[in-house]
There are 2 protein chains.
Amino acid sequence: MWRKVALERLRKAGYKITPQRLKLLDVLERIGRSHPSLREVHEAVKEEFPTISFSTLYSNVMVLRDLGLVELLHLGSETRVEVNVSPHVNVISGRRVRDLDDPELVREIERKVGGRVRFVNVVLEDEV
Amino acid sequence: MWRKVALERLRKAGYKITPQRLKLLDVLERIGRSHPSLREVHEAVKEEFPTISFSTLYSNVMVLRDLGLVELLHLGSETRVEVNVSPHVNVISGRRVRDLDDPELVREIERKVGGRVRFVNVVLEDEV
DNA sequence: GAGTAATTAGTAATAATTTCTAATTAGAAA
DNA sequence: TTTCTAATTAGAAATTATTACTAATTACTC
């Protein structure tokens with residue numbers, strides 16, 4: 001579903017459809033909800049397209065971001081890619097991120113902070 | 001207040017009280033609630049102690065973090081220092097961060113995500 | 001006041017992102 | 001289909017921020 005939308009939007013915006021881009025869409029459709037880092041996305045794409053360079057991957061992720069197809073979030077020292085673009089909650093414990101789709105909660109937060117929420121990161125205490 | 005607690009805790013933990021550390025406490029007491037980046041904290045401390053190196057500043061901030069006296073958060077490419085250590089909400093728009101102390105909201109989020117919240121970052125849509 | 005381990009400043013190393021460029025290629029037009 | 005051209009790619013280099021290392025200095029104990 002996301003892949004289809006993404007492809008359509010790339011076309012509409014006049015971007016060329018290269019094999020590198022197609023593989024990137026495949027990979028993000030498959031693992032995007034696990035919030036992979038750029039490096040992890042690169043590794044995953046290399047499985048299917050071993051010669052893709054980091055720089056190509058990087059610039060393509062930026063294209064997707066510019067088109068509003070992915071969200072980037074910064075966790076520790078790394079940039080994570082997120083396919084869920086609707087306002088939602090990321091629950092973060094350590095390196096783990098899980099999505100919580102709770103429009104109710106998002107709406108309440110919007111009411112309290114006064115502004116349109118892009119996303120919410122809830123950082124939990126490390127379990128001991 | 002925070003400064004006093006911090007100094008006490010440094011002493012208790014057996015750390016030496018150096019002029020560099022005292023200036024750092026001064027600065028964080030003063031500007032800590034603006035969530036300065038490490039670089040900004042360094043600049044601010046240099047105003048009062050021009051010879052302090054980034055590396056000294058850095059390791060002292062890490063000491064404060066280890067003692068639970070500051071929280072570090074990663075925003076874009078930079079590390080921000082936060083003096084507010086109780087579970088709370090950071091409202092982020094662009095490079096700006098403001099604190100929202102709303103224990104009610106934090107408690108509700110904790111209930112929904114199931115876990116002890118360290119802090120919550122609410123990232124807002126960029127204003128156009 | 002001396003001794004000692006912690007701290008400091010300066011520098012080097014690392015890690016992740018971002019930029020740059022020559023060669024290649026997707027897609028439009030002939 | 002073939003040609004043309006601007007967009008895209010791979011690889012390398014530059015940048016940026018953080019983290020690690022080390023010799024010299026210093027805060028604190030006795």
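We name chains A, B, ... by the order of the sequence lines, and we start the count at 1 in each one.
- Formation of a donor-acceptor pair under 3.5 Å by the B:E110 side chain with backbone atoms of B:R107 is not found in this model.
- The interatomic distance linking A:K23 (NZ) with D:dT9 (P) rounds to 14 Å, in whole Å.
- Between the CG atom of A:L10 and the P atom of C:dA26 there is a distance of 15 Å, given to the nearest Å.
- A:S37 comes within 4.0 angstrom of nothing in the nucleic acid, heavy atoms only.
- Looking at which nucleotide of DNA chain D each of B:H74 and A:I52 is closest to, the 5′-most match is held by A:I52.
- In this entry the distance linking NE2 of A:H42 with C1' of C:dA15 reads 16 Å, nearest Å.
- Nearest to the side-chain atoms of A:R39 among the listed nucleotides D:dA17, C:dA16, C:dA9 stands C:dA16.
- Side-chain contact annotation: A:E78 with B:H74, donor-acceptor N/O pair under 3.5 Å absent.
- Counting to the nearest Å, the P atom of C:dA15 and the OH atom of B:Y58 are 13 Å from each other.
- No hydrogens or angles were tested; on distance alone, a donor-acceptor pair under 3.5 Å links the side chain of B:S55 to the base of C:dA9.
- A:N60 and A:Q20 form no side-chain donor-acceptor contact under 3.5 Å, judged by distance and modelled atom types alone.
- Here D:dT8 presents its P atom at 13 Å from CG of A:L22, a figure rounded to the nearest Å.
- D:dT16 atom C1' lies 13 Å from atom CG of B:L38, rounded to whole Å.
- Qualifying side chain to side chain donor-acceptor pair (under 3.5 Å) partners for A:K16, counting only residues two or more places apart in sequence or in other chains: none.
- C:dT17 atom C1' lies 12 Å from atom CZ of A:R65, rounded to whole Å.
- In this structure, B:S53 does not reach the C:dG10 phosphate: none of its side-chain N or O atoms is under 4.0 Å from OP1 or OP2.
- B:Y58 and B:I31 fall within a single hydrophobic cluster, where Ile, Leu, Val, Met, Phe, Trp and Tyr side chains are chained together by heavy-atom contacts under 4.5 Å.
- Contacts of B:T56 with the nucleic acid, taken as non-hydrogen atoms under 4.0 Å apart, include base atoms.
- Checked by atom type and distance alone, the side chain of A:R65 never pairs as donor or acceptor with a backbone atom of A:E71 at under 3.5 Å.
- C:dA30: Watson-Crick or G-U partner is D:dT1, with both key distances under 3.5 Å.
- One interatomic measurement links the two molecules: CG of B:L72 to C1' of D:dA17, which rounds to 14 Å at whole-angstrom precision.
- Across C:dT18, D:dT19, D:dT9, the shortest atom-to-atom separation from the side chain of B:F54 is found for D:dT19.
- B:R9 places no side-chain N or O within donor-acceptor distance of the main-chain N or O of B:L69, the cut-off being under 3.5 Å.
- Where A:L57 and B:R80 each meet DNA chain D at their nearest nucleotide, the meeting point lying more 5' is that of A:L57.
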Between N or O atoms, less than 3.5 Å apart, protein on one side and nucleotides 24-28 of chain D on the other: list the pairs.
residue: D:dA27; atom: N3; partner: B:K16; partner atom: NZ; Å: 3.2
residue: D:dC28; atom: OP1; partner: B:I17; partner atom: N; Å: 2.8

